[in-house]
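Taking it in order: structure first as structure tokens, then the write-up.
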Amino acid sequence: MPGPIYTKTGDNGMTGIRGCRVSKASNVIEAVGAIDELSCYIGVLKQFLDAEDVKTMEIIQQHLYLINASVAFNEGNVIGITDAHVSFLEKYIDDVTCALPPLTDFILP
């Protein structure tokens, strides 16, 4: 059996990242958590999509992993995301938007 995943030492609201201890309330930890949460929402969304859209969502999740790694370990300098990635996402947004009926009312989030 592998060792426990807990230390019983507490963390005093701190976590390790980039080789040092930072507050779990720091902007970096907040950003990493928000990006991870977005990926989780996409994972749930995929259960309701057709195969083509699932594939697109998986590509977007892969892009989010690159962004998350850059935020966590490269001080926000995004490595691996190019203009082609942005164009891919913009094209998908345009394609989905074109398939929607015209808006006639304001939509509350």
State, with a plain yes or no, whether a side-chain heavy atom of [X] is found less than 4.5 Å away from one of [Y].
{"X": "Val54", "Y": "Met57", "value": "no"}
{"X": "Ile59", "Y": "Tyr92", "value": "no"}
{"X": "Lys46", "Y": "Tyr41", "value": "no"}
{"X": "Ile35", "Y": "Ile67", "value": "yes"}
{"X": "Ile42", "Y": "Glu58", "value": "no"}
{"X": "Val86", "Y": "Phe88", "value": "no"}

Output yes when a side-chain donor or acceptor of Thr97 lies under 3.5 Å from a complementary backbone atom of Ile93, and no otherwise. yes
Please check if the side chain of Asn12 supplies one atom and the backbone of Met14 the other of a donor-acceptor pair under 3.5 Å. no
Using the rule that Ile, Leu, Val, Met, Phe, Trp and Tyr join whenever any side-chain heavy atoms are under 4.5 Å apart, tell me whether Leu49 and Ile60 fall into a single cluster. yes
Closest approach of [X] to [Y] (non-hydrogen atoms, all atoms of both residues):
{"X": "Asp53", "Y": "Asp50", "value": "N-OD1, 2.8 Å"}
{"X": "Ser23", "Y": "Ile29", "value": "O-CG1, 3.7 Å"}
{"X": "Ala31", "Y": "Val71", "value": "CB-CG1, 3.9 Å"}

Kindly check if the number of other-residue, nucleotide or ligand heavy atoms within 6.0 Å of NZ (Lys24) is above 12? yes
Please check if the number of heavy atoms outside Asp83 that lie under 6.0 Å from its CG is greater than 12. no
Among Ile81, Leu38, Asp36, the one residue meeting side chain to side chain contact (heavy atoms under 4.5 Å, CB included) with Leu64: Leu38
Rounding to 0.5 Å, atoms NE2 (His63) and CG (Asn68) come to a distance of 14.0 Å
